[in-house]
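One structure below.
One-based numbering, in listed order, for ligands and for the atoms of each. Note that the structure is a prediction, hence the values are computed from the model and not measured.
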Amino acid sequence: MLASKFFMPTLKENPADAIVPSHIYLVRAGFIRPLAAGIYEYLPLGFRVLKKIENIIRKHMDNAGALELLLPILTPASLWKETGRWDVYGKELFRLKDRKDTDFALGPTHEETITDLVRKNVRSYKDLPLNFYQIQTKFRDEARPRYGLIRGREFIMKDGYSFDVSEEDAIKTYEVMKDAYHKIFKELGLDYLMVEADVGAIGGKFSHEFVVKVPSGEAHIVYCEKCGYAANVEAAKFHRHKLPPEPLLEKEKVYTPSIKSVEEVANFLKVPITKIVKTLIYKADEKDYVAVLIRGDIELNETKLTNHLKAIEVRLANPEELESLGIPEGFAGPIGLNIPILADKSVEDLHNFVVGANEKDYHYINVNIPRDFKIEGFYDFGTAKEGDPCPVCHSPLKETTGLEVGHIFLLGTKYSKAMNANFVDKDGKEKPIIMGCYGIGVSRLISAIVEQYHDDKGIIWPDNVAPFKIHILILNTKDEKAMEVGFDIYRKLKEKGVEVLLDERDISAGMKFKDADLLGIPHRIVIGKSLQEGKVEYQKRDGSIKDLVNLEDMDSLLKGLL
Ligand code: ATP
Ligand code: MG
């Protein structure tokens with residue numbers, strides 16, 4: 001490709017709304033351009049990278065035996081109503097009506113559509129197993145679209161769905177997909193972790209996320225360097241050391257004027273924060289109240305609470321709601337409360353602890369369970385953090401942030417039961433099909449790669465996803481000899497099928513270098529002043545090589561590169 005005939009509108013300035021490197025560089029280097037919030041155009045450079053990523057994914061999905069198809073983006077509401085997701089999906093679902101006033105949605109994911117296809121075409125165990133995938137544009141009206149391709153409202157996903165006759169077979173398929181995902185992310189050159197993920201309250205057996213380590217990532221991960229345990233904080237477990245028993249002291253109500261927060265109470269009463277028990281009043285699905293007790297130094301994990309309550313969402317009760325329950329804000333406590341009380345495991349062997357007294361400016365000290373109040377049980381509601389003991393080997397956990405680029409999920413019968421996707425088994429009985437689903441954020445991967453492959457000048461593409469493999473720069477296009485040599489190398493590479501970009505634009509050498517650094521093509525041949533001595537320069541964009549090469553040695557250099 002000749003740069004003068006190509007479209008690569010580079011920008012000198014960072015886009016105003018861009019904070020993360022991938023967003024800045026992908027826009028500045030002319031890979032993408034915004035059309036509206038969370039909606040991007042893939043320019044020729046971006047499109048080339050996208051196709052390469054897609055093809056790596058395709059290769060490993062095909063090798064794993066999955067069958068590629070393409071489902072409609074426009075999906076009838078009737079399907080979404082069968083599984084209840086027409087309501088559950090909320091505002092993220094892009095909804096529209098046709099001319100007959102029938103409701104439709106733009107697909108944010110395709111469990112309903114594929115399950116409909118399978119239930120209409122599968123009768124017996126002989127028709128199974130099946131494993132389909134597609135690479136397609138998805139629509140989600142995200143509350144906060146941001147970071148360029150990382151969180152779009154229109155984005156490209158690889159979504160796959162498997163159908164098996166038994167859970168045992170479904171787990172085998174899940175393992176095959178897990179293996180394919182490892183191959184994909186390794187081939188893409190990513191530094192990633194596979195982590196245990198939250199499976200939600202309804203359906204779903206287990207789930208893993210593939211998370212690329214980046215400082216600005218929205219996914220919070222804890223992991224153990226010693227034994228390899230890794231999980232999304234939403235799902236992460238941690239070990240709680242057993243506490244020694246203590247003689248029970250007399251419960252006492254103490255005056256704590258305007259002392260509300262855990263830290264204030266600990267300071268005021270001169271007790272460690274681990275002796276304070278927080279009483280958090282939650283409202284589940286806008287109807288039922290519940291109190292949750294948790295040790296002062298541990299944050300409550302709302303995902304775990306939501307799952308335990310089998311709710312869709314939970315939120316903290318607001319001051320008016322607390323008042324209606326007779327609880328002054330900041331002084332909530334379990335004693336005398338007449339809503340269900342649940343406790344985190346951290347409270348299980350705690351003795352003589354401090355709680356709010358449900359009375360303004362008062363706390364109780366030396367409180368004990370079950371002597372002073374009854375609870376429904378002890379559960380895991382805690383949020384794991386750096387330093388907490390690993391649930392497997394008890395070494396201190398580490399914390400990191402990342403970008404979720406893939407998610408695999410053993411769904412079980414959640415969708416097949418709701419939509420009557422059954423098969424007749426060997427024993428003649430009708431049974432629901434066991435499903436799995438497997439997503440990859442294809443467009444998000446472009447950003448994930450740039451997050452891990454860049455420097456302060458621009459992108460440094462790994463060879464296998466680079467838009468071009470070799471970038472030839474002719475620094476002075478007025479120099480006939482330089483043009484001749486440049487075009488000669490260009491033609492030779494093209495003949496060999498190498499993707500090469502020749503910068504023969506009539507602009508300054510400085511601008512050519514700036515653009516080349518921004519674009520990030522991994523290998524570069526610079527035809528400059530040293531041509532007078534019969535030499536050109538071979539450079540790697542990552543800075544590891546910068547060599548003068550005799551023109552006679554050009555062929556062997558190029559051979560080495562290929
Ligand atoms: P997130 O927690 O980031 O919102 P999700 O759990 O909603 O992700 P899935 O429904 O599992 O995501 O979608 C599969 C994959 O699609 C994700 O792993 C992610 O890589 C990608 N993805 C999800 N939402 C977006 C988005 N708005 N823009 C770009 N990629 C996305
Ligand atoms: Mg999401």
(request) Take Asn307 and Asp198 through the side chain to side chain donor-acceptor pair (under 3.5 Å) test and state the conclusion after the steps. (result) CA-CA 9 Å; Asn307 291 348; Asp198 167 52; 2.6 Å; yes
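Shown here are the salt bridge (Lys or Arg N to Asp or Glu O under 4.0 Å) partners of Asp288, two or more places apart in sequence or in another chain: there are none.
In this pair, Phe185 and Phe210 present their aromatic rings tilted. The plane angle is within the 30 to 60° band.
Checked by atom type, the side-chain pair Arg85/Tyr415 shows a donor-acceptor distance below 3.5 Å.
Lys172 and Asp164 are not joined by a salt bridge, as no carboxylate oxygen comes within less than 4.0 angstrom of a charged side-chain nitrogen.
Protein residues having a heavy atom under 4.0 Å from any atom of ligand 1 are Arg140, Glu142, Leu149, Ile150, Arg151, Gly152, Phe155, Met157, Glu404, Val405, Gly406, His407, Gly441, Arg444, listed by chain and number.
With values rounded to the nearest 0.5 angstrom, Leu411 atom CG is found 9.0 Å from Phe163 atom CZ.
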